[in-house]
Structures are given as structure tokens and as C-alpha cells.
Amino acid sequence: MVLKKKKEIKVDVLVFDGPIVERLKGFVDEKEQNIPSLLLHCLQLQDGVQQIHCIKQIASLMGNLSPDYTSPDMVHCCLDVLTEMYFSLNSKNPLKKVLASSLSSVPDQYKPHVVSCFTHRLAEDIATEDPIKYRQVVDGLASCLENFTLGTTCVTSLFVESLQFLEKVLRTFQSQNRKILGNGLAQTQLMYDLLTAVKLSMVLVQKAQGPIQSALQSDLQSPAWRSLCELLSRFTDLVLDANLLQNVQSTSAMAGILYMRTMVKDPEKLPKLVSVLILSSADPGDLPDWVRTCCGSLYNDPPGTVVVYMCQGALAMLDWKNGNLGESGEELLLGLLTVLLHQSSRLKESSAAMLLSRVLALWTGSALDVLTSCSSELRDQLNGCSSAMGKLLDYVYIHWEHPLDAVRHQTKLVFKNLLQIHRMAVGSDEAEDSFLSDLAQSLLNLEWHSKGKYASLACLVDCVGSERILAVDRTIPSQILDVMGDQSFAPYASNLLEAMFINHKNQLASRSEENCWLESWHNTWVSPLLSRLCEDNIDQTTYIIDYYLPKLLKFSPESLNYMIDILQASASTSLGSGNSRGALGALMACLRTARTHGYLRFTENYEWNGKASTLLIQQSLVHRHDQVRVDALGLLCESHWSTEVVSLDEMNLVLFSLKYNLNCQSPSIRQQFCYLLKKLFCRIQESSQVLFKVERGKKLNNLKDVEIKGDPTLALQQYREFMVSITNCLFGSLFAGSSHPTRFSSLTILGAICEIFPEEKGSCHSVFQFVTAVGESHVQVLLECISNTFEEVKILAFDLLIRLPPSVLALKETSKLLPLVQAAMSLSTSTKHFDCVTASYLLNFLIYQQALLSALESWDPTLWAQIESRPGNIDCLHFIERNSFSVIRCLMSQLGSEIEQAERSLLQAAASFPMYGRVHCIIRLLKQLSLRELSMVSEWRKLISELISMSYRLSAVVSPVVHSSSPEGLMPMDMDTEAAVQLHMIMNEIQPRDTNDFFTQPRLLQKDPHSQPLPEDTVPATTLCAEMKGDEVPSGNVTAQMVLVCCWRSMKEVSLLLGMLCQSLPLQEQPHSPAGLLTVDQVKEMGEYFKHHLLQSRHRGAFELAYVGFAKLTEMLIGCREESLHCLPKRWLCSVLEEIKSSDPSSKLCATRRSAGIPFYIQALLASEPKNSKAGLLKMTMNQLIALAMPEMNDESENKSTIPQVHALNILRALFRDTRLGENVIPYIADGTQSAILGFTSPVWAVRNSSTLLFSTLITRIFGVKRGKDERSKKNRMTGREFFSRFSIPLTHFFLNIWNLLPTLLTAQQANRNFTLVCSSLFLILTSSIHPQWTAPILHSAWHLSSLSS
């Protein structure tokens, strides 16, 4: 465990001034500090926390004021100032609550004045007509009603005016929402404002019940009654407004029921009114006039979601306890259940499914409240054997494996409450309850690969007991442990096991006073666990240790000794194998878990005193299986107490383990190994602070009465020696030629040491500082690691280097920096991609060096002189920004000249100076900077503009290759002896080649004798390390693949650069604004650039990476406040959909290659929609695409183009695969399945191919990704009940239509016979993933289709 740092409290400073402050100054006593002087001092403070302390001091003085105080005017003035301060503060400011508490504590004789001040201020605020101030006034009213007695008194005295104001606010906010539809940010803020106002209206009515009832009894036509009716009508409009978020609609429904409850005098009539509105149980003419006027629109066939909102309001706002609603309330309760279950079969959207599950859980809670005092008829209808409870149980079976966690959780709660409802309704002995017995038997008969089974059984255990379940089969614990090899089932299985062994122990203990039952309990729950740990495959038992073992030890710590005794007895003989732990490995796992959770302590007086000998641990550290070694190391490193001292034996064992585990080949084991050592270092650091305190106490003789056997000074010395030894060992493993796993592990551990033991100047309580163990040779080793081919090694080495102080790096001299600059610039134009990555990390390291500018000037004085915008004298704090600016300028200057040469000869560029390396380095340099906090704004703005223009030039050079329709953009070589001068000449000379050797043998290009030497020609042969050496491809040897790689990597880097600029740079919203680096026009140009390349690129690598940049752009546009930019995604989406539908022959959209970049383009536009929105763009797009993808089966027109259908099928496939769209695409799965199956009726191969891909994607989307080799894997299945409930309505009609068309299909052309064969195969594929329940009819149909077609 690691101690958490206490969060610093940040409080905004209150700045307050005005005439009342001048009035306050007149009461200030300069000789003596009185309340006015303190208050004036508080207003002058510049720290919010200090203001809070000052207000508390003032409150203390005011609470002690004597009744005969000589100057009441002074007190009134102070109270006026405090009141103004209160209303000037934001509602979230902690100072506001302190002021409320202070005003509440004033003496009673001054409270009327406070009430008068508050009432006057509230009346002024409520009378405002400025919509901009509405939210501020709402917050003020809400804060007065929140645990503030004086504020509540003031608001309730103005309850009529407050109700009128709230109706005006709700009407205004709703009107504003209609005007800003599509503006995500503005709508989100407005939704929050609307929700706050609705909640305030509910709180106000609840707080002001007394005054409201008094007003209503005196006159039903009073202003209070009219205000309540207006608000009730407004709530009805809000519930029916589909443009509002679900939270606003559901809260408005609850507010409407609350207001009806307030306005109805007779409580027994209220359930009937609600029943008429929600259940349509009577003629609306029977309703009172005011109800028809305010809520009549709810009776006219409202949407299903609105019905659910009203049900939620009735369940939450009506008083169901103690039978207060009478018989009509019982009828309403049953009617609500019927309505909710009916809606569950109709509402398919994920948000509606979550809402419905919550409301059903709320219904079960209300039913439990009603059952405390209800009629016998209701008890019979709520019996578990009744039809109503049977339907509710069907809902549980359908949704207990729902894809959404929230729905599964609520379903479990529904089932748990259902069992309680049955027990309360029956009230008989559970041992004789046939319903519970049958339910337990049916659940046990289900296979263990049903996740819902575990939660249901766990709930049932509390009702029937573990012994009744074990009586059915004593091997149930072993069966559950067998399932825990799968991580997806492990949490559910462990929860069930926990519920069962807790209940079983309680049952056994209740029948016996002694512990004679403990052996039986161990045999049932512990022995199967030990058997699995010793004998089963280690990978299968990992999750048993993670999920089950800690719960078992937590409930029964005494079982640990039982486990250790059994395992130690055979640990020396049962060492395990490459697949099983054996007793030794099981012992390590148990000891590690016990120590981690605090059930064992292994050190005493700074020495090893563990349950296992060091010899056994040493054997485990070199075990043949990785996981046993990890468990042994975890035993040494982990501890429940973060300050537990690390003993010398533990440190020696850790050093011993380094020799054998640094070169581990498994990435996951390497991660665990490094993580455990990091925990050990944290333990050393925190325990060293304790040791320092003990050492200091001994020196000061403050611990005379405390017996300390260990020597803290010796323990600290051992710590230092251990850290030095481990640091040297890790640096020594970074020798030339060391393997990647060794380098990764060593650098990761060194990074952890550097992080935990930083350089602390002047600190005398640091046991170790990493920089003291680093020398110049170590720096050289880290620089060599930057040139490693694995990027993760580069990252680790780079992070270490930038943490080292300049004194350790020893790179202050220009002569030492110059070779590094030369190597970086040379590698940035290499034809090997990993060299470019090396250059980027090297340049990012160099910008942290003060002498970089002089090194750049020495590297190329001519280039340095040509750079126009060099930074002037910049503050030393911004030297990194200055260095980055200069390096980017140098790279851009070289890139510009290379682009000019590429425009003359792309072949020469691909062979000698591929330009993507320069762009890659620029991207890395920009990512290192805080681009929103730059100091050289004008210089950066000019540089960014030039960089964007240069990116467009580079893209124009390489785009013809990646847009080429030849396979993968392959471009044959130029056969002329001289290099092509312009790119269009190369494209015109493309000639087909039929031999393979053309694409494998390079073509030699002659160098221009008058050309200048390339940068590579001037680089010295010696480089940083051996890994930077190697034979470069001669600049004249060019293959088609080299041209292609140059072009698509260049396109990739340009796309990433533009996307990063859009996402990271601040926007210059006004043309001449001093803030911002990116203009609106530049953003629009980038959008057109991405649109062009995504819709026209043929090369997958090009449009996939353009998609990454375009996705960043769309995210920025959706969150942009500039209206001209915010509307672009919707406009682009509508435009491309219209182009797809038009099937214009002149369209440049690619219909081959699975529609190329079109699906990516639409994915980026849809995925950028805010998650809390109504997903309007997605719904519009899905409806249009499904209409295009689903042709009429009797459509015999031959001239109709199939290109739109191909595009629609390919785009649908991409959208169904996109995880970011989540459950929002689930409602369209049924229509998508129909589109895929109907696609096989097409005579066009492209349609049939796209339909096949779409159908495969849908099977995966419905049943999940197949993670096992078994084609009929139990994990990728769904119960027939669940499948046909989620997709039955559309798919059932479709299957019936296919069945009715069979005679026509079988007598028609051969293509339709093939279609019948395909349909039968697809049905079989579909039903093979469904559990046997309810599957027989469809299987029979598929079999009949197959037999008839044959």
C-alpha cells in the first residue's frame, strides 16, 4: 500500500466592491480590530482559503455579540455585506457554505434583518428578464434551499413568484434548445441548466408544502394554483420533447407526478388519475379539467420511452409504504408492471434498455414497500408462481447476459428483490417452498457458461441455503473452479463461491458450538482449490488466485495455516512442471496472496522471519514456469504494509532473481516483473523514512522506553548498497548485442528507480539518489539504446536521459553536441523508417540542451544563415521552446529543398531522401511542447502556416501514386536512363509488366554529375553506436516498392501532422486576434484535404492513416464554439451520402477495395458525435444506408446501378465493427441482417461479396468475438430467449417472408435456387450460436429450406 498525498483545496478568491463597501469603511475602527475591520480585511485578501478562515473568525465574533450592543447600524451593515458576498459567489465555491453557516449563527435579534436582506435580494433576482442571468438566479435559489434554514424561509415566502420564475425559465430554456439543435457543446450546457431548473422546482414544492397547501385551501383559483398548473403543463411538454436528453425527460416526469400529488386533495384519487394517464385505464373525459388541460397530451399514444418516464415518476414520487394508496394503488402497481414488461419487448435502444432496467428495479422496491401492508389478493398476484412474477422472471432470463453492465446489474437487483417479494407474499417455510426448489433446480440444470446463472444462484443461496444446493451435487465447487480459467467468468464465479461458502459456514456453525465442522468446510471449499493450484495448468488457475483466494482468506484467515501445512509437506517433492505449479508453486501463490492482503508478516526486527525457507523461495525464483517465478518475486516485493522493512535476505534473493529473469521472453511476465520491483523500491523509500525517524529518535534518546532490537543504521546502509548493486547490474545488462527483453526490462526498472529516488538537493533523509550512481559511460549506453530498432526501448532510454541533470550528461560544450546533431539530421532522411524514429528521439533529447543553437550553427552555417525567423533572446525558462523552434526551422528548410527535388524526380527522392523522416521528426518535436502555452506566438503562427503549406506540397507530389488504381498503388519504373524531371512524366510512362522480376530487381538511376551531394554523403562513417551503422541502400537503386513506401509513408506523416495540429493548436477565432495559432480558414482547408484523400485514395495504408488525422479533426470540430466550423461534420456527412445515393458515373468514389476510404470517412464523422447526445447523425445515416442496402426482392429492373448498394453494405460493415459506436448500432442489427441475406439475391458479385462480409461482421457483433478454437464455443452463444427477444420482431417477419416466397424461389431461375441454398446455410450458421431453447422452429425452417432446394 502507498500513502496518498492529501489533495490541495483550491478556492476561488471573492472580489467584491461597491457602495456598500464604502459604507462599511465608515464603521472601521483603526485602533481596535472589530468586525467591520475584519470584514474589510477579508475582502482585500487574495487567497480563497484565507478568506474562509477570516469569515469563520467573523462568525465567531458575531455569535458572541451582546443584546445591548451599542451600534446596531454597524451590525446591519456587516450583515448586508455578508448577504451581498453570498449572492456574488458561485454555487460550487466552498466560501458560500461557510457564509451560509455564519449567517445562520447570528444572534436571534438580528435574524429578521438577514431574512429581510435575503428576501429583498431574491425578489430582485427573480424579477429579472435577462435570460443570461437565469442560470445564476436558479443557482442562488437552489443554494438557499440546500441546508440553509434562513434561505429556505426566504424562498418559501416568495414561493409564488419563484414558481412563476421557474416556469418562465423552463419555457425559455426549451425554446433556446430548439434553436441550437446540432450544437453539441451549447446543447450540453443548456441540458444541464434545464435539469437544474427542473430539480429546483421539485425541491421548492417539497420545501414549501405548508404555504402551498394553505394557499390552495383558501382559493383554488389563486396565483399559486395557476402557477402549479403552468409548471405541470411545462413538465408535460418537457417529457414529450424528443430533443431533450433522457435525464431531463425522466426528471420532468417525476416532477409532474410530484406536482399532481401536491395538487390532489384526496390521496385515494391520485392513483386513479395516474392510472388513467399512464395505463389509459379509463376515458380521459373522466379526468378533472385541470388534468386534461395540463397533461392531456400524454393520453394521445405517447412514445414508449415517455410511458417508461411516467412509470418511473409514479414509482419514485408516490408514497407506496404502509398501504397509503389503498386498493387503487395496488391496481396501479400491477398495471405499471404490465406496461413496463410490454415496453421491454419494444424498446431496443441501449439507453432505453438501461432506463427500463432501473425502473423495473424501482418497481420491485415499491412492491416490497406495498407488501408490508396489503390485501391478500395482491399477495396472491405477487406470488412467485403467479403470471405477473413469471413474466418478470422471463425478463430476468432475457437480460441477465445483456451486453451492458448497467442492465446486468439492475437485472440482478430485480431478481434479488423478486425472491424477497415471493418470500413476503408466501410467508411459509422456505424448506417447503416448491417455487424456490424448482427455481434452484432449473438454475443448476443450466450450463456453467451462462453468466446469469452465477448472480442468480448467489441471490438464491440466501433464500435456500448452500446445503440444499450442495445436496444436489457435492462437486459444484469444483465445477465452478473449472470455469474460472476464463477471465470473463472468473468475477461471477468467485462471487457465487463467496456467497456459498459464507452461507455454508454460517449453517454449519449454527448447528455446532465447537469447531468440529471446520474440517468438513475445508474439504468442501479449500481442498478443491489446492488441488487446482497444484495440478491444473497454471494459465487456468491465475484467475482463481486473483479472484477466489483473497475472498476465501478474508472470510476465513485461519484456513491459511491449513493450506500452508498441506503444501509445505509436499513442496520439496512436488516441484511442478512447465504446465503445472506443483505444491511449490501453489505454496508461493498462497503466501504471496496472504502477505499482500495482510494475513502474514515476513520480517521482524528488520530480519527475515517468514513461513517459507529462503531455499524454497530460491527454487521458485528459477522455476521452469514464468508465473511461479513471478509469484516468488511477488512474495518478496509485495506487502500489505508499505513501510515494512525489506530484510537483507529479501534483497539478496531479488538480486539473485535478476540474473535469470531479465531476459524473460513473455511481454506480460516482463511487465509483472518490472511492476513488482517498482513496488519493492516504493517500499524501500517509505520504510527508509521510518528508519530515519527511528535512528534520529535513538540519537536523541527519545525512545528509551521502547525496545528496539534491530539496528536502523545498518538497515539503511544495506538499502544503499542494494540500490547501488541493482543499478550497476541493470546498466551492465545493457551491453552491445543484449536482447530486446533484457534491454526493455533493465530500462523499465531503471526508470522506476529514477522516479522513486530522484535528485533532492539539500535533503538529508534520502536513502539513495539515482543520479549519484550514473556516470558518463552510462549516459553513452543510454544514447546507444536510442538507436535500438524497438521503439519501446527508445522511449524508455529517452525518458531516462531527459531526467538526468546537465552535470551528469556533460553535454554543455558544442563540440560534444555536434556529433549528435549530425547523426540526428542524417538519420532523419534515411530510407529506413526506424532510423527516422531514432532521429526524432535524438532531436527531442537535444532540445533540452542549452548549447543546441551553437551546435546547429556549427553543423551547417550556410543553412543557419538562410533561416529567416530565428528566435531572439528568450528567457531561460523557455529555452526548450526556442530550441524546438530552431530545429523545426532547420528541418523545414531541408524539407522544402527536398520537395523541390522530388517534384523533379520522385524516383530520386525515394532512393536518396524520402521526405517522411523530416515530417516525422517535426511531429515529435511539436508533441513535446505545450502548444497552448507558447510564448513566441507570432513566430509560431508564421511557422505553422508555412508548415501546412509545405505539407500540401508534399502531399501533391506523392498523392498520384497512392491514388493510382494499380494494385496497392504499385508504379513501374522509369526506363529512361535519366531521372524523370516531373512527376507527371513518370505517371505517363507507366507500362504494364507481366514478369515478377520487374518488381524485385532494382532499376539503376544515374546521378546528375552537377547535383549537390545529399546530406547522407556528408555524414561521417562513425555514428553513436554499432547499431547505427549499416549499409544504406545506394541512392541509385530504386524498386517500385521503394517508391510506394516513400509515398504512403509521406502521406501518413502528413495526415498525422495535420491531425495533430488541429487537435493541439489553439484556434484563432478572429482574423486579427493575438491569441491562437490556427485560423478558421486553415481548419477548413485541412478538412477539404482529408475529404479529398479519404474519398479518392486507393492504397489502404494511405486512407487508414488519413482517417486517424481526420478523426482528430472531427473531434475538434464537434467541440468547437465557432459556428462555421461546428456545422462542417454534418454538412460533409450529408454531402457524401447524397453522392453515394446518386450513383453518378462521373463520381470519383471508389466502389472497389471495399469502398476504400469511404467507410473510414463516415466512421470518423459519426464517432465524433458527443456521447451524451441523441446520436442524431448516426440514426440518420443508418436509416439511409439500410434503405440503400436492402433492395426489394421483386425488383427486376436491370438498369439500376448496384454501386450505392455496394457502398452501403461496406459502410454498414465498418459501422457495425466500430466499438466506439457501442450499443447505439444494436437497434439496426436486425435490418442489417436482412440486408446481408437479401444481398445474395443480386447477380452482381460485388454485392454478394459485400453481403458476405457484412453477415460475418453481424454474427460477431451479435455473439461476440470467437476466442476459442472450438467453432461451437460455449462462450460465443446466446440463449434463444435472449436472441428472439432482442431481434424477434423484425427478423421473424423476414423469415416468414422468406418462407412464403419459397415456392416462387424454387420455380424461378437457378440464381434463386442458389439463394435458397445460401439462406439455409446462413440460418444454420445463425442458429448454431443459439442455445437449444426456442431454436427448434428456425432450425426446422433452415433444414426444410435446404431439403427443398436440393
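A salt bridge does not link Arg261 to Asp319: none of the charged side-chain nitrogens sits closer than 4.0 Å to a carboxylate oxygen. No salt bridge links Lys391 with Asp394; every basic N to acidic carboxylate O contact stays at or beyond 4.0 Å. Contact check on Arg592 versus Asp631 returns a salt bridge, with a Lys/Arg side-chain nitrogen under 4.0 Å from an Asp/Glu carboxylate oxygen.
Contacts of Glu331 classified as salt bridge (charged side-chain N to carboxylate O under 4.0 Å, His left out), with partners at least two apart in sequence or in another chain: none. Scored by the ring-ring contact (aromatic ring centres under 6.0 Å, His included) test, Phe415 finds no partners at all (sequence neighbours excluded). Residues meeting the ring-ring contact (aromatic ring centres under 6.0 Å, His included) test with Tyr543, sequence neighbours left out: none. In this view, Glu498 and Lys551 satisfy the salt bridge (charged side-chain N to carboxylate O under 4.0 Å, His left out) rule, not counting sequence neighbours. Tyr599 is linked by a ring-ring contact (aromatic ring centres under 6.0 Å, His included) to nothing, counting only residues two or more places apart in sequence or in another chain.
A donor-acceptor pair under 3.5 Å links the side-chain atoms of His597 to the main chain of Thr593, judged by distance alone. Between the Asn503 side chain and the Ala499 main chain, no donor and acceptor come within less than 3.5 Å of each other. When atom types are taken as modelled, the side chain of Trp320 and the backbone of Leu315 share a donor-acceptor pair closer than 3.5 angstrom. Side chain of Thr372 to backbone of Leu368: no donor-acceptor contact under 3.5 angstrom is found. For Ser357 (side chain) and Val407 (main-chain N/O), no donor-acceptor pair under 3.5 Å exists by modelled atom type. In this structure, the side chain of Arg595 does not engage the main chain of His640 through any donor-acceptor pair within 3.5 Å. The backbone N or O of Pro528 sits nowhere less than 3.5 Å from a side-chain atom of Ser531 that would complete a donor-acceptor pair. A donor-acceptor contact shorter than 3.5 Å links the side chain of His399 to the backbone of Tyr395. Under a 3.5 Å cut-off, the side chain of Asn383 and the backbone N or O of Cys385 do form a donor-acceptor pair. Ser328 places a side-chain N or O within donor-acceptor distance of the main-chain N or O of Leu325, the cut-off being under 3.5 Å.
Across all non-hydrogen atoms, the minimal contact from Pro550 to Ile545 is CD-O, 3.0 Å. Shown here for Leu567 and Cys534, the closest heavy-atom pair between the two residues is CD2-SG, 3.6 Å. In terms of heavy atoms, Ala632 sits closest to Ser620 at CB-CB, 3.5 Å. Here the closest non-hydrogen pair linking Met389 and Leu418 is O-CD1, 4.1 Å. Taking every heavy atom of both residues into account, Arg379 and Leu371 meet most closely at NH2-O, 3.0 Å. Closest heavy-atom contact between Ala314 and Leu336: CB-CD1, 4.3 Å.
In the displayed structure, Lys505 atom NZ is contacted under 6.0 Å by more than 12 heavy atoms of other residues, nucleotides or ligands. Within a 6.0 Å radius of CZ in Phe435, other residues, nucleotides and ligands contribute more than 12 heavy atoms. Heavy-atom neighbours of Glu558 CD from other residues, nucleotides or ligands within 6.0 Å: above the threshold of 12. Residue Lys451 places its NZ atom among more than 12 non-hydrogen atoms of other residues, nucleotides or ligands, all under 6.0 Å distant.
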With side-chain contact (heavy atoms from CB on, under 4.5 Å) as the test, would you mind laying out the steps for Glu650 and Thr614 before giving the verdict? CA-CA 9 Å; Glu650 288 176 296; Thr614 56; over 6 Å; no
One pair to check against side-chain hydrogen bond (donor to acceptor under 3.5 Å, both in side chains): His522 and Ser559. What are the steps and the verdict? CA-CA 8 Å; His522 281 159; Ser559 299; 2.9 Å; yes
Using side-chain hydrogen bond (donor to acceptor under 3.5 Å, both in side chains), reason through Ser375 and Glu330 one step at a time and then give a plain yes or no. CA-CA 9 Å; Ser375 63; Glu330 295 179 0; 2.7 Å; yes
After noting the C-alpha distance and the side-chain angles of Thr596 and Glu638, does the key distance pass the side-chain hydrogen bond (donor to acceptor under 3.5 Å, both in side chains) rule? CA-CA 6 Å; Thr596 302; Glu638 293 179 313; 3.2 Å; yes
Leu616 vs Leu587, test: side-chain contact (heavy atoms from CB on, under 4.5 Å). Steps then yes/no. CA-CA 10 Å; Leu616 282 178; Leu587 177 63; 4.2 Å; yes
Val359 and Trp363: CA distance, side-chain angles, deciding distance, side-chain contact (heavy atoms from CB on, under 4.5 Å) verdict: CA-CA 6 Å; Val359 178; Trp363 183 91; 5.7 Å; no
Take Ser642 and Arg683 through the side-chain contact (heavy atoms from CB on, under 4.5 Å) test and state the conclusion after the steps. CA-CA 5 Å; Ser642 61; Arg683 202 171 122 210; 5.7 Å; no
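Residue pairs meeting the side chain to side chain donor-acceptor pair (under 3.5 Å) criterion with at least one partner in residues 409-420, sequence neighbours excluded, are Thr364-Asn417.
With contacts defined as side-chain heavy-atom distances shorter than 4.5 Å, the pair Pro557/Leu560 does not qualify. Counting only heavy atoms from C-beta outward, the side chains of Leu591 and Ile617 never approach each other to under 4.5 Å. Two residues are said to be in side-chain contact when any heavy atoms from C-beta on lie closer than 4.5 Å; Gln507 and Ser466 meet this criterion. Between Tyr547 and Leu497, the closest side-chain pair of non-hydrogen atoms is not below 4.5 Å. Leu553 has its side chain within reach of Met563: a pair of non-hydrogen atoms, C-beta onward, lies under 4.5 Å apart. Residues Ile564 and Cys590 have side chains not in contact (no heavy-atom distance under 4.5 Å, counting atoms from C-beta outward).
For the 3.5 Å distance criterion, the side chains of Ser437 and Arg468 qualify, holding a donor opposite an acceptor. Glu686 and Thr643 share no donor-acceptor pair across their side chains, judged by distance under 3.5 Å alone. A donor atom on one side chain and an acceptor atom on the other are not found under 3.5 Å apart for Asp546 and Gln487. With no hydrogens or angles considered, no side-chain donor-acceptor pair links Asp649 and Ser647 at under 3.5 Å. For Glu401 and Ser450, the side-chain atoms include at least one donor-acceptor pair closer than 3.5 Å.
Ring pair Phe501/Trp525 is perpendicular by interplanar angle, where above 60° counts as perpendicular and below 30° as parallel.
To the nearest 0.5 angstrom, Leu340 atom CG is 5.0 Å from Leu360 atom CG. Note that the CD1 atom of Ile398 and the CG atom of Leu393 stand 10.0 Å from one another [nearest 0.5 Å]. Distance check: Leu333 CG to Asp369 CG gives 10.0 Å after rounding to the nearest 0.5 Å. Of the inter-residue distances, the one linking Leu552 atom CG with Ser494 atom OG reads 11.5 Å to the nearest 0.5 angstrom. The distance from atom SG of Cys682 to atom CG of Leu680, rounded to the nearest 0.5 Å, is 9.0 Å.
Aromatic pair Phe489/Trp448: ring centres not closer than 6.0 Å.
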